Amino acid sequence: MKLLIVESPGKIKKLQDILGAEWRVAASCGHVRDLPDSDYGLMPPDFTLRYVETKPDVLKKLATLVSSADEVYLASDPDREGEAISWHLKDALQLTSYKRVTYTAIAAQEVMAGIASPRDIDMHLVHAQEARRALDRLCGYKVSGPLSRAVQESKMSAGRVQSPAVRLVVERERAIRSFVSTTHYGVELVFEAVANISAGWKANWLPKEGWLKDDEEYFLDQSLAEKIAALRVLEIVSCEEKEARKAPPAPFTTSTLQQAASNALKLKPKDTMAIAQKLYEAGHITYMRTDSPNLSETAIAEIRAYADSKGWPLPDKPRTWKSKAGAQEAHEAIRPTHVEVESAGDTPQERALYALIRIRTLASQVADAVYDVRVAMLSGDVDGKTAVFEAKGRTLREPGWKAVMDSDASIADAEEAEPDNPVPELKAGCQATVASGEIKTKKTKPAPRFNEASLIREMEKRGIGRPATYAAIMENISGREYVREEKGNLVPTPRGEKLVDALVGSFGFLDLDFTGKMENRLDDVAAGKLTYQECVEDFHTKLMTELDGFTAAHAVPCPECGDREQFRHVYSKEKGWNFWGCKACGSKFTDDNGRPGAKKEAPELTDYPCEVCGEPLLRIKGEKNGRAYDFFACSKQDCDAKYDNVEGKPVKRVPRPVTEFKCKKCGKPLCLHEGTSKAGKPYKKFSCSGYPKCKQAYWVANDGTPDYDNPLK
């Protein structure tokens, strides 16, 4: 048996049909390992990533299949993330022999070609993915805590890519708020029929031709504009006829697909990618994560043959497009695997997205649209000064690719419609009579708010993020309430504005050109020009310097002694710590939403001796999670003895009964614990005897055993 391991279970059936009975196709269901949730998972000086298994059941199943397989093929997706998944599988399954294969479409020809050309895992690509993961982890884990304390907001998170995206939205909104509109004037003339000159054509005044100073952008004199609009005879200065050609838009990249689907189908980027994933897994389209707008030679040949069979005009040479700077072009643009298939997909949304992709792909290889353009320049005298007018008309002569895309106007790219202006053939030196003149009162407008499509376009232009990350960025900044959607547009929340104000000027990753430069460094890691450690170390060094400055600038003084350097917020989810402590004076305070709250009184040293070691007991009082506590504990550091407070006196605690049941998390015996809830209801549960290191607990099932399927922690 030959074993092919892919990422998504959705691909299994299609691939199994292609490969046949001698193959077994299985899925890793994405990543099988990741960094731990409990800590950074990487430390200087080498920043080696420490991984934990996230899908032990999947790995166990795959290990069983590997043990009975003659050959193992790792076929995760053809990008850096996919390369990293293959490496994790190789390492976790301890594969000594494997074949790494890739293909850009789940179609027989592409799949078999990929299997026929196996290779080793590209560790440069793996290290590039690891570097991105490390940078994001350092940025999020190191900055988020100090950020929350600085802005006095809980659960604030900084992100190497998401925070610059929020900055774009905030700065656009502030530009709109501060915008002051300017009223300015233009003039449009409509001409009457004279001799061979037809009526109804128009000319627009060009105020920049002698009426504006070098530092002026708009014409503000309404009375003078009225004089210009009163002109009734103009001299024809020139009339030129030329041909204009318009090429079709390029096939879709991940970014342009998300933008087009947002505009035409009203789909969110996350939904677009999920639908595209379904189409890819079903074999209808090529891989949907790509920066390249270009098609393979084979695809171009098939498209040209199909277009020719439809009678569509073809350009002399196949079209290619220049990719944006830093594009990763490991595979071609998004296209149908079979262009002759007019409809594909199981749902209306899948079929609509497929149609969008197909028509864009077909149109991309059809001939230019050709226009006949006529431009006339006219002039008139106003108070001894020449006013210049332009009349421009355009007529579509050869539709070319527009005949393809216009076949479904709902998915055609929106473009600014040029007004129909039938400018006649004019002769220089002659005159044209004006039928009417109209002042055009205009007001300047601020740049529009971003919507998801335009924000993705802006991020792509600035090099912020990569195709695979745009959908997640949109989801993060909305889900974490940094922006909200209002009538289809993105508006920053007060939280988002606080985040940007706190980070801008303090951290380099908020600079809008930083992310693009970092993407170039990650590209260098992928190309083997830069090591993983060099990339991460440089970022870490700069980040730590910035973090020290940020922490000092937002340091909170100790309410007791005023010290800023030794007063810290102490938090540990593992140990259950969440308080403020000062090493200078020894004071401790509760945490009140990221700020120091009430002072915690020092435990009272009593005259009662510890029954275990004889040292004096401490009386410890306070409140936690809304419940008061009052008990005795030994003052000796390495003695864990604790006593209940019974009428002001210590009474040795009776150990919870240990049962024969084991903790599923750490293997230690479980204790049976009975108590009363805040509401006064009695309850019974099992808790791990390894507490506080292991805090696992289980309810008692009806048969008296631990309910392992529903752990409490």
Side-chain angles (χ1 to χ4, degrees), residues 104-105 240-257 259-261 263-265 284-286 288 290-324 327 329 331-344 351-375 392-423 425 457:
T104 58
E240 295 182 358
E241 296 191 28
K242 57 185 178 180
E243 177 184 279
R245 308 180 74 89
K246 185 173 178 62
F252 286 126
T253 62
T254 304
S255 168
T256 55
L257 176 64
Q259 293 170 47
N263 289 330
L265 306 179
H284 299 314
I285 64 171
T286 55
M288 64 286 164
T290 176
D291 278 354
S292 175
N294 291 306
L295 302 169
S296 67
E297 291 182 4
T298 303
I300 290 174
E302 291 176 357
I303 293 166
R304 286 174 69 90
Y306 180 83
D308 189 53
S309 71
K310 292 289 185 180
W312 298 335
L314 296 170
D316 294 336
K317 295 180 180 179
R319 293 185 192 277
T320 58
W321 283 266
K322 184 178 180 181
S323 299
K324 66 182 181 66
E329 300 188 82
H331 33 272
E332 62 181 317
I334 306 167
R335 64 170 176 85
T337 52
H338 303 288
V339 294
E340 71 278 4
V341 177
E342 294 184 2
S343 179
R351 289 189 287 273
L353 190 65
Y354 176 82
L356 193 75
I357 293 167
R358 178 175 180 268
I359 290 182
R360 173 70 75 100
T361 304
L362 289 171
S364 73
Q365 293 301 320
V366 178
D368 292 348
V370 182
Y371 296 86
D372 288 328
V373 179
R374 182 174 288 155
V375 181
K392 185 176 182 180
R394 188 179 78 157
T395 305
L396 181 63
R397 188 175 81 221
E398 298 174 16
W401 62 272
K402 281 184 165 290
V404 181
M405 291 197 71
D406 287 350
S407 63
D408 188 344
S410 68
I411 65 170
D413 278 3
E415 59 179 36
E416 187 177 349
E418 294 197 21
D420 184 23
N421 190 21
V423 179
E425 186 176 352
R457 183 164 57 250

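Along the sequence shown, the residues carry numbers beginning at 1. Only heavy atoms go into these numbers, but all of them, side chains included; no hydrogens, no water, no symmetry mates. The shown structure was predicted, so the numbers you read here are calculated from the model rather than taken from an experiment.
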Nearest 0.5 Å, what's the CD1-CZ distance between Ile285 and Arg358? 14.0 Å
Heavy-atom donor-acceptor pair, Ser292 side chain to Glu332 backbone, under 3.5 Å: no
Considering all heavy atoms of both residues, which atom of Thr253 and which atom of Thr256 are nearest to each other, and what is their separation? N-OG1, 2.8 Å
Smallest separation among heavy atoms of Lys392 and Val373, with atom names: CE-CG1, 4.1 Å
Charged N-O contact under 4.0 Å between Glu243 and Arg245: yes
Can any side-chain N or O of Tyr306 pair as donor or acceptor with the backbone N or O of Ala301 at less than 3.5 Å? no
Min side-chain heavy-atom separation Glu340-Glu302 under 4.5 Å: no
Looking at Phe252 and Ala260, what are the two nearest heavy atoms and their distance? CE2-CB, 3.5 Å
Where Ala247 and Arg319 come nearest, the two heavy atoms and their spacing: CB-NH1, 3.9 Å
Side chains of Ile357 and Pro336 in contact at under 4.5 Å (non-hydrogen atoms): yes
Leu257 and Leu353, any side-chain heavy atoms less than 4.5 Å apart: yes
Begin with the C-alpha distance, continue with both residues' side-chain angles, and end with the deciding distance and a verdict on side-chain contact (heavy atoms from CB on, under 4.5 Å) for Arg335 and Arg360. CA-CA 8 Å; Arg335 64 170 176 85; Arg360 173 70 75 100; over 6 Å; no
State, yes or no, whether a side-chain contact exists between Leu362 and Trp312 at a heavy-atom distance under 4.5 Å. yes
Main chain of Pro251, side chain of Thr361: is a donor-acceptor contact present, judged purely on distance under 3.5 Å? no
Nearest atoms (heavy-atom pairs only) where Gln259 meets Ser255: NE2-OG, 2.7 Å
Hey, is CD on Glu240 packed in by over 12 heavy atoms from elsewhere, all under 6.0 Å? no
Ignoring hydrogens and angles, tell me if any N or O in the side chain of Arg304 forms a donor-acceptor pair with the backbone of Leu314 under 3.5 Å. no
Where is the tightest heavy-atom contact between Ala333 and Thr286, given as atom of each residue plus distance? O-OG1, 3.2 Å
Output the distance between atom CG (Asp372) and atom CZ (Arg397), rounded to the nearest 0.5 Å. 4.5 Å
Can Asn421 and Arg374 be said to form a side-chain contact (heavy atoms from CB on, under 4.5 Å), step by step? CA-CA 10 Å; Asn421 190 21; Arg374 182 174 288 155; over 6 Å; no
Has the side chain of Asn294 got a donor or acceptor atom that lies under 3.5 Å from a matching backbone atom of Thr320? no
Find out whether Pro249 and Met405 are in side-chain contact, i.e. whether some heavy atom of one side chain is under 4.5 Å from a heavy atom of the other. yes
Student check: side-chain heavy atoms of Pro313 and Trp401 closer than 4.5 Å: no
Nearest-0.5 Å distance, CD1 of residue Ile303 to OG1 of residue Thr298: 10.5 Å
Does a side-chain heavy-atom distance below 4.5 Å link Val366 with Pro248? no
